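The structure under discussion appears below in the form of structure tokens.
Just so it is clear, the structure is predicted and the values come from calculations on it, not from any experiment.
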Number of protein chains: 2
Amino acid sequence: MPKSGPKQQLFEQFARIGKALSNANRLEILEFLGQRECGVDELAALCRLSVANTSQHLQQLRQAGLVTSDKRGQRVLYRLSGDDVVQLLLILRRVGSSHLAEVKQLIHHYFTIKDDLEAIPARELLDRVKTAQVTVVDVRPAKEYRAGHLCGAINIPLNELEARLAELPPGQQVVAYCRGPHCMLSYDAVEKLRREGYDARRLEDGYPEWKAAGMPVETAL
Amino acid sequence: MPKSGPKQQLFEQFARIGKALSNANRLEILEFLGQRECGVDELAALCRLSVANTSQHLQQLRQAGLVTSDKRGQRVLYRLSGDDVVQLLLILRRVGSSHLAEVKQLIHHYFTIKDDLEAIPARELLDRVKTAQVTVVDVRPAKEYRAGHLCGAINIPLNELEARLAELPPGQQVVAYCRGPHCMLSYDAVEKLRREGYDARRLEDGYPEWKAAGMPVETAL
DNA sequence: ATAATATTCAATTGATTACTTGAATTATGA
DNA sequence: TCATAATTCAAGTAATCAATTGAATATTAT
């Protein structure tokens with residue numbers, strides 16, 4: 001019989017989630033899983049970790065309730081437990097961005113310097129898409145695009161952008177998005193697009209945040 | 001020069017917040033600070049921790065950006081850094097409630113059993129208050145009520161409830177609230193009120209969540 | 001039946017964390 | 001000036017954590 005009351009026991013349980021979020025590698029794993037479900041070996045490669053280490057982090061995330069797994073043959077595929085996990089990660093970033101000087105500094109030196117134009121909020125993009133005056137480009141790798149993307153978005157992975165500029169309708173504004181608020185892909189994309197004379201902006205959110213907010217998405221599976 | 005990229009550095013920073021949330025005592029401290037600003041000795045007493053231990057936890061919370069402090073004479077008063085911290089704690093609870101079997105079990109055995117009627121959502125209470133058919137009762141200690149409470153709420157701390165029943169308008173429904181979704185005060189209050197024949201319900205949120213959602217509050221300072 | 005693949009488990013090591021205890025610091029009151 | 005109060009710091013101890021290494025397990029392909 002636990003010696004503490006229900007309140008303390010609940011705090012112990014919620015602390016498990018805090019523990020799961022207390023390691024930078026696990027946060028990175030969660031960001032990748034926000035884009036699509038993955039196996040251990042893929043996540044290990046994406047995060048540049050050993051397979052054993054990745055597997056242990058995944059066990060911790062699963063035990064904290066942040067991810068689920070299901071076996072397909074000899075492969076185990078992991079995914080986020082729900083959109084509420086995306087929202088938890090988003091508010092974690094927001095709190096960090098608001099209250100941690102180191103976060104503000106990192107964002108300024110690596111992100112704001114690259115694109116000091118305000119990113120477009122999700123609601124505003126939804127409105128503009130309806131007037132068909134804008135091209136939405138998903139600059140994540142194709143696998144992530146196929147797993148899920150904004151309705152109507154086209155996929156031009158960043159490393160193919162220069163070769164595929166002709167696919168963009170001339171004269172239209174381009175809005176690029178990627179994995180999330182602090183993913184560099186859309187910053188780099190916007191930089192390249194502007195260099196080629198395009199009117200380019202970034203979306204404020206990545207795909208997981210857009211989806212978690214209930215905005216329209218589709219898959220290409 | 002750090003060896004990892006800006007992304008990894010950002011994850012390290014966000015992980016600091018995860019670390020701050022990875023201890024049950026710190027979560028309890030944050031819940032109390034959600035009600036009102038406090039000194040170290042008060043928090044130590046509320047949480048049943050030593051003063052030194054409480055102070056160390058507060059340093060960690062401050063360094064993670066979750067609380068701020070300011071000195072008044074020889075006392076240091078701590079408070080939450082912003083409503084975004086309340087929202088972080090709320091989504092932490094939601095994720096735990098949705099995805100952790102132990103949390104569901106604890107909630108069922110200690111909370112749902114006491115009051116299996118659905119708590120009233122904040123929006124619904126706001127609407128009902130406008131038609132003046134309901135009495136909103138804050139059952140937290142008076143100090144917390146004075147620091148901030150729902151507009152129009154009266155304060156009858158739980159331990160004074162039986163002695164002050166006459167203050168409740170006869171024939172009206174009573175909605176009780178306290179510190180947050182898993183605080184027992186409003187459960188106990190509703191239980192006592194129903195035993196005395198009142199039509200009593202609980203509010204879904206506590207005061208901090210209501211305030212963080214932008215709902216109307218007032219203070220009695 | 002065996003080899004290969006994918007994943008997980010277990011033990012070890014070094015680092016980190018939580019709490020305690022006692023000391024140090026800072027501010028106030030007598 | 002000195003005592004008290006409030007808070008923080010530092011060191012020590014035990015427990016926990018992250019990564020590595022090697023072994024074990026489960027599934028698939030030959």
* dT28(D) C1' sits how many Å from Lys71(A) NZ, rounded? -> 10 Å
* For atom CG of Asn23(B) and atom C1' of dA15(D), their distance in whole Å -> 13 Å
* Asked: OP1 or OP2 of dG29(C) sitting under 4.0 Å from any side-chain N/O of Gln74(B)?
  -> no
* Asked: When you check the phosphate oxygens OP1 and OP2 of dA18(D), does a side-chain N or O of Arg26(A) lie under 4.0 Å from one of them?
  -> yes
* Under 3.5 Å, is there a donor-acceptor pair between the side chain of Asn23(B) and the main chain of Arg26(B)? -> yes
* **Check: Tyr177(A) and Glu204(A) side chains under 4.5 Å, non-hydrogen atoms** => no
* To do: Under 4.0 Å between any heavy atoms, over every strand shown, what does Glu42(B) touch: base, sugar-phosphate, or nothing? Just pick one.
  => nothing
* Taking only N and O in the side chain of Lys19(A), is any of them less than 4.0 Å away from OP1 or OP2 of dC17(D)? -> yes
* Asked: How about Leu89(B) and Leu27(B): do any of their side-chain heavy atoms sit closer than 4.5 Å?
  -> yes
* Among dT7(C), dC19(C), dT7(D), the one nearest Asp41(A) by side-chain distance -> dT7(C)
* In whole Å, what is the span from the CG atom of Leu21(A) to the P atom of dC17(D)? -> 14 Å
* Does the side chain of Phe11(A) come within less than 4.5 Å of Leu30(B)'s, by heavy atoms? -> no
* Among dT8(D), dT8(C), dT7(D), find the nucleotide with the atom closest to the side chain of Val51(A). => dT8(C)
* Could you please name the option among dT8(D), dT8(C), dA19(D) that lies closest to any side-chain atom of Val40(A)? => dT8(C)
* Output yes when at least one side-chain N/O atom of Tyr78(A) is less than 4.0 Å from OP1 or OP2 of dT8(C), else no. => yes
* Structure fact -> Quick note, Val76(A) side chain, CB onward, closest among dT26(C), dT8(C), dT8(D) is dT8(C)
* Among dT20(D), dA26(D), dT8(D), the one nearest Ala52(B) by side-chain distance -> dT8(D)
* Asked: For the side chain of Asn53(B), counting heavy atoms from C-beta on, which of dC19(C), dA18(D), dT7(C) is nearest?
  -> dC19(C)
* Structure fact -> In whole angstroms, the gap separating P of dA18(C) from CD of Gln63(B) amounts to 12 Å
* Asked: Leu49(B) CG to dT21(C) P: how many Å, rounded?
  -> 14 Å
* **Residue pair Gln63(B) / Arg16(B), side-chain donor-acceptor N/O under 3.5 Å** => no
* **Phosphate OP1/OP2 of dT20(C) contacted by Ser50(B) side-chain N/O (<4.0 Å)** => yes
* Atom-pair distance (CD on Glu12(A); C1' on dA18(C)), nearest Å -> 12 Å
* Over how many whole Å does the gap from Leu58(B) atom CG to dA18(C) atom C1' extend? -> 14 Å
With a 3.5 Å cut-off and sequence neighbours excluded, list the donor-acceptor pairs that the side chains of residues 181-188 of chain B form with protein atoms.
residue   : atom : partner   : partner atom : Å
His182(B) : ND1  : Arg93(B)  : NH1          : 2.8
Tyr187(B) : OH   : Arg202(B) : NH2          : 3.1
Asp188(B) : OD1  : Lys114(B) : NZ           : 2.7

* Nucleotide dC9(C), atom C1' - distance to CZ of Arg62(A) in whole Å -> 13 Å
* Tell me whether the OP1 or OP2 atom of dC19(C) has a side-chain N or O from His57(B) closer than 4.0 Å. => yes
* Asked: Quick one: is dA19(D) close enough that its OP1 or OP2 comes under 4.0 Å of any side-chain N or O from Asn25(A)?
  -> yes
* Asked: Gln56(A) side chain N/O closer than 4.0 Å to the phosphate oxygens (OP1, OP2) of dA18(D)?
  -> no
